[in-house]
Amino acid sequence: MVNIVESDPRVSGVEYQLSKVEKIIVVLSTKGGVGKSTITALLGLALADKGIGVGLLDVDFANPTLHMIVGAPTHVELEEVMGVKPYRVDENLYILSPVFFAGDTSLPLRGQEDVDALLEILTIGNWEDINTLIIDTPPGLGDTQLTLFKLLRSTAKDKTRALAVTTPSQLSIKSLERSLPLVEQLLSYKPLVVVNMAGPDYLSRHIGEYAVAGVVRYDASLEEAIGSLDKIRKTKAYSDVMGIVDSIVRV
Amino acid sequence: MHEAAIALAVVREAEKLAKTLGTKPKLVEVVVGELQSIDLEVLGEYIRMNLREALPGVEYKITTEPPVLRCEQCGYEWRLDMNTLDPDVKEAIHFLPEALHAYVKCPVCGSRDLTVVRGREIRVRVHG
């Protein structure tokens, strides 16, 4: 009797690549436009400036923008070593973005293809020498997020943290209140919340039952700092993130 | 090399599959979609090296699957000839097959809203 078993090897590949990092932070939000990519970049830069090797991964295949914030070009030469090494933007800061492969365009991906793209980029990304991997997700709670959470729970559960980003808008807060219990269940981890673009009088320390780990003030100068790490370092938003980075990473 | 990472994933997965087989594994078959633009000789060499330690005595073979695309706007389905692609595009697709959506259009209506019907993925089969 011929006996055959079959499967997709990429999950084993993801497990191998993620085994190289000590910590994974997933940055998420069910609402768009709240500053996930900005918070990802600021958090990554703050950690890198503390001497920690940080890898940034953009898994927003429809609209990747993380590379713009940290000043990485669209066309880069990536070193091929057991997959591809991320592009170095600063002493301790590295990035891998879909734009390095697809160029400056939106990818019209349907559900399964979004999942395939996610699995592929996680299989090829070689994060050796990286301590903390920060994953910037697209807005919402769809195929990309659900697959990512499942993968992280099965391959890197003990080192995965989630950071939910919201603005002080009640629409954004309501959206998080609805979705965070689901995220917690899917990741087996209670997500932390960062309130971004907050006014000077913002006070609340909880979103539902979830603790606000930090408040990042609205900072108009950030827009002009996009693409320059030195300019970003001079913004109030960077100072705010630097002030909360320990509490985010320690949990 | 990208092939080295894939070979490692293939052999790790084959080891897991072999444990579920119930009989002694004889052959690891790797089905490679041509969209991956993988150097099959290099992939084979890495698989051979890794397999020798992981599953000694088990043979391997690589089979390929040509890519078939379907346009989700007009319904046209066609086989993509990888040789018609620019080398830079092939390189991009090699790393991230979904990057094809940035470069390939439906030859009938010009849409980039495409689905890969076949020939994208890598599958591992362990034969007992």
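What you see is a predicted model; the values in this text were computed from it and never measured. Protein chains get the first letters and strands the later ones, always in sequence-line order, with residue 1 at the start of each.
- Other residues, nucleotides and ligands place more than 12 heavy atoms under 6.0 Å from the CE atom of B/Met82.
- The main-chain N or O of B/Gly128 is never found under 3.5 Å from a side-chain atom of A/Asn3 such that the two would form a donor-acceptor pair.
- With a threshold of 4.5 angstrom between heavy atoms, A/Gln17 approaches chain B through side-chain atoms but not through N, CA, C or O.
- Screening residues 87-103 of chain B for side-chain hydrogen bond (donor to acceptor under 3.5 Å, both in side chains) gives A/Glu113-B/His101, B/Glu98-B/Arg120 as the qualifying pairs, with residues at least two apart or on separate chains.
- Within residues 119-154 of chain A, the residues that have a heavy atom under 4.5 Å from a heavy atom of chain B are A/Glu120, A/Ile121, A/Thr123, A/Ile124, listed by number.
- Looking at B/Val116, the atoms closer than 4.5 Å to chain A (heavy atoms on both sides) sit in the backbone and in the side chain alike.
- Counting heavy-atom pairs under 4.5 Å between each of A/Leu109, A/Val11, A/Asp116 and chain B puts A/Asp116 at the top.
- Proximity to chain A (any heavy atom under 4.5 Å) is shown, for B/Glu15, by neither the backbone nor the side chain.
- Listed by chain and number, the residues in a side chain to side chain donor-acceptor pair (under 3.5 Å) with B/Asp113 are A/Arg110, B/Gln73 (sequence neighbours excluded).
- When each of B/Gln36, B/Glu121, B/Glu72 is scored by its heavy-atom pairs under 4.5 Å with chain A, the top score falls to B/Glu72.
- Interface remark: B/Leu17 contributes backbone and side-chain atoms alike to the contact with chain A (heavy atom separation under 4.5 Å).
- Residue B/Leu100: no heavy atom, backbone or side chain, is found under 4.5 Å from chain A.
- With sequence neighbours excluded, the residues that form a side-chain contact (heavy atoms from CB on, under 4.5 Å) with A/Ala46 are A/Tyr238, A/Val241, A/Met242, A/Val245.
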